[in-house]
Amino acid sequence: MNILFDDEKKIFKIDTEHTSYVIAVTDEEGFLGHVYYGTKISDMDVNYLLRTEENPFVPSKNNRDRSSFLDTFPMEYPGNGVGDYRESAIAVKDGNGHSAVMPLYRSYNITPGKAKIPGLPAAFAKEGECLSLEIVLYDEVLSLEVTLVYTIYAGSDVMTRSTKVTNRSKQEITLTKVMSASIDMDAEDYEMLSLHGSWARERQIEQRPIGYGKQSVGSTRGESSHQEHPFVALVSKGATQESGRVYGMHFVYSGNFLAQVEKNQFDSLRMMMGIHPQDFAWKLGENETFYAPEAVLVYSDQGLGAMTRNLHDFYRNHMIRSPYKNKKRPILINNWEATYFDFDTEKLIAIAKEAKKCGIEMLVMDDGWFGHRNDDNTSLGDWQVNENKIKGGLKHLVDEVNRIGLAFGIWFEPEMISPDSNLYQKHSDWAIALPNRTPCRSRNQYVLDLSRKEVRDYVYEAVASVLRSANIAYVKWDMNRQLTDLGSNFLDADHQGELMHRYVLGVYELQERLITEFPELLLENCSGGGARFDPGMLYYSPQIWCSDDTDAIERLKIQEGTALIYPLSTMGAHVSDCPNHTVGRVTPFETRGNVALAGTFGYELDITKIPEEDRNMIPKQTAMYHKYNDLVREGDYYRIASYSSNHEYDCYEVVSKDKKEALVTFVQVLNRPNCHSRRIRLQGLDEKVRYQIEGIEGSFYGDTLMHAGVKIPNMWGDFQSVLLHLKEAEN
Ligand code: GLA
């Protein structure tokens, strides 16, 4: 890794292991131009790619005050309203009501290490493990300083970018848009890949051609959302898991976002990522700074698989801080799908006793233990245990569960308030709402105004005092509705536009406090399933509940999309009862287990009531978890076949870093009559190593398994699955 600056020609070159990123300053005006991002190159002097001497309309020497120049120039951080009609990265409302801004190059700084971004999650690395470049841009008219921050990490092909904006004038200014990263490049043959979804159907992969104009995904819901995901990639047409060019942009943020690709009249692309400008306005006083969240950039010239593995390593090494990141997580049993709201101490203890016999290690008490919450209409905000259900109190229950030999975990939804709660009776003004409008209820609840310190303090103490009262090892932090009626009773008219971002900062502050006071706590984030599964949350919790859909077949797609960019160790995955509560599908218990093994692993069923033959399989599954989890958690992930595209079967593989072990999961979703067995070509093995496949005679070289492949026999019935465990042969 290296960052170079050619002082004379004003060219920056940022090199990771296999990529180069080149930025140059135009000599006359100081526009900062994006020259190149892609496979590593040797030369620095490539600023001819800025095409500053070309003019698409006039075949003479370019006159820079022509709008055609600004409208074609590949800007590194495009300004607003002065001639570039493509999407701007920054916009303001100044004291005169104007929106124009055009920051020009001023100075730079290259330093080892990386500064924290105040209040925001961001990638981290030790000083010797990363290098940062800050490029300072300045708008003289506004006295507005815009600093672009780039960091690269030893041994990684990921680069992070963020932006900070400081008001150097005496007047207040309002920022109406601050994107975190923008890149201009030639359109060539790229397609746009994004992840879409819905409740119980998160992160489905979609790839589409890029048309002229803007195509974007985004969220204005106050969280990263079920519906669209803060990730976008440009993928060269025909790219596969193993070949083709891929540019990915991922956002380290858990609120509103815009991820956009724009193709213009000159066949160039502008790709950007940042906080969604809708409902955003941030007032900056003299010398105040706004910090935009970080964007993660990744480039691969070896297809999607290499991008995936780059991101997995990056998040494992540079985003997840939890002490659990390299540890097995306890196998948990959660009572949500087992009992919903209908439980008490006795029921939970019965579940714990049976679970212990099967090798399960932790009981998680889900929603319904507090206030008078017997359905989802009440009591959010009243975080006092309901002793009618939890007879003998929480400590008694936790002690009993511990005595049985299980750890104990608990569910909270700290950001919410039910209209039917003591908290609402006292502090109805703590809910986000607009004066004179009836606020929109969702799941019969409102969202607390976390921009307000006293609210955050209340929420924190409510959660922390429960955790202090008993031996609680795990928290599931849920968030079951999105934001509407954007009004804060606390912010004045000039600052209402800050609510959405301040809300997210509030969530981050709360979780930071929590893991500071309880450093050993295993925190799992959740949002109606997987609506806030993003790199920002991974900074606080090493795992996130992937989806409320626990059906093994639906999970194939959800987990494929999630694993495209997130390590398997982050995906909350459980075995649940059948018929599945969301889709009514009946799948074999074995397949449910095999699919959940690709995530954190656990159970979500009433173990005292499931058929005995299923229960008898649990000890085998918990033993498999212990056998394979190091590999699944730390290994390299390869996508071999995708049920979402072939509609018949799914196959993925995890290979240990030393390539001595691998686990292949194959799921036959649909059986077909009168067919051959399937040939599966493995990936990522060492060609020269001989592998033994558990249960199969003999051994085979890696090259044989990767090029000639292995045979998966046809199985009787749909939804069947098989695991292949490979180990380096002993002789
Ligand atoms: C959300 C979660 C579920 C469960 C319920 C409880 O939907 O995703 O796992 O905790 O809330 O209300």
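Counting starts at 1 for both ligands and their atoms, in listed order.
Protein residues having a heavy atom under 4.0 Å from any atom of ligand 1 are W336, D366, D367, W411, R443, K476, D478, N480, C526, G528, G529, W545, D548, listed by chain and number.
Listed by chain and residue number, P419, N444, Y446 satisfy the side chain to side chain contact (heavy atoms under 4.5 Å, CB included) test with R441 (two or more places apart in sequence, or in another chain). Remark: F666 pairs with Y649 by the ring pair (Phe, Tyr, Trp, His ring centres under 6.0 Å) rule, at least two apart or across chains.
Using a 3.5 Å distance cut-off with no hydrogens or angles, the side chains of E634 and N326 do pair a donor with an acceptor.
Remark: R555 is positioned above the aromatic ring of W545, its terminal NZ or CZ atom under 6.0 angstrom from the ring centre and at most 45 degrees off the axis.
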Which pairs of donor and acceptor atoms, one on a side chain in residues 532-544, lie under 3.5 Å apart (sequence neighbours left out)?
unit_1 : atom_1 : unit_2 : atom_2 : d
R532   : NH1    : E415   : OE1    : 2.9
R532   : NH2    : E415   : OE2    : 2.7
D534   : OD1    : S254   : OG     : 2.8
D534   : OD1    : G536   : N      : 3.0
D534   : OD1    : M537   : N      : 3.0
D534   : OD2    : S224   : OG     : 2.5
D534   : OD2    : S254   : OG     : 3.3
S541   : OG     : N525   : ND2    : 2.9
S541   : OG     : M537   : O      : 3.3
S541   : OG     : Q543   : O      : 3.2
Q543   : OE1    : R329   : NH1    : 3.0
Q543   : NE2    : E524   : OE1    : 2.6

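Closest approach of I333 to L605, counting heavy atoms only: CD1-O, 3.7 Å.
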